Amino acid sequence: MKLLKIITPLTIVLIIVGIVIIDSFLSSHESGGWSMIGVIMGVPIAIAGFFIDFFVRIYFKKDVKRIWLYELAIILIGVVLILYMQAN
């Protein structure tokens, strides 16, 4: 249960976004600079995700189930919003 408190859904998303940012930055020369769009989009997502994760952990303190539930809901809302914006 202690591991689930350290590794939350937003932590997993932040790790993936961090890998995308690093990969985009390293391959920016090969793509002619177009992969810098990944860096420009990824950094605000990472910063927002870090703060949301921080405040959710403070608010729910040791309630691991609620932390996971609310963070999964936040991720689901974000994915639905992104898909809705792409559809229109």
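Please read these numbers as outputs of a predicted model, since none were measured by experiment.
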For residues Val39 and Phe25, report the shortest heavy-atom separation together with the two atoms involved. CG2-N, 3.7 Å

The criterion is side-chain contact (heavy atoms from CB on, under 4.5 Å); which residues satisfy it with Met41, sequence neighbours excluded? Ile37

Ring pair (Phe, Tyr, Trp, His ring centres under 6.0 Å) with Phe54: which residues, sequence neighbours excluded? none

Can you list the other members of the hydrophobic cluster that holds Leu76, where links are side-chain heavy atoms under 4.5 angstrom apart? Val80

Rounded to the nearest 0.5 Å, how far apart are CG of Leu10 and CG of Leu72? 8.5 Å

Indicate if Ile16 and Phe50 have the same hydrophobic cluster label, given that clusters are the connected sets of ILVMFWY residues with side-chain heavy-atom separations under 4.5 angstrom. no

Worked check of side-chain contact (heavy atoms from CB on, under 4.5 Å) between Ile12 and Thr8: CA-CA 6 Å; Ile12 296 168; Thr8 60; over 6 Å; no

In the single-linkage hydrophobic clustering (I, L, V, M, F, W, Y; side-chain heavy atoms under 4.5 Å), do Met36 and Ile21 co-cluster? yes

Cluster link Val13 to Ile77, ILVMFWY, side chain under 4.5 Å: no

Calculate, to the nearest 0.5 Å, the distance between atoms CG and CG belonging to Leu14 and Asp53 respectively. 6.5 Å

Quick one: side-chain contact (heavy atoms from CB on, under 4.5 Å) partners of Val56, sequence neighbours excluded? Ile52, Phe60, Ile67, Glu71, Ile74

Assigning hydrophobic clusters by single linkage (Ile, Leu, Val, Met, Phe, Trp, Tyr; side-chain heavy-atom cutoff under 4.5 Å), is Ile75 placed with Ile45? yes

Cluster link Val64 to Ile58, ILVMFWY, side chain under 4.5 Å: no

What's the spacing between Leu26 CG and Ser35 OG if we round to 0.5 Å? 9.0 Å

Listed by chain and number, what are the salt bridge (Lys or Arg N to Asp or Glu O under 4.0 Å) partners of Asp63, not counting sequence neighbours? Arg66

Applying side-chain contact (heavy atoms from CB on, under 4.5 Å), name anything that partners Ile47, two or more places apart in sequence or on another chain. Val43, Phe51

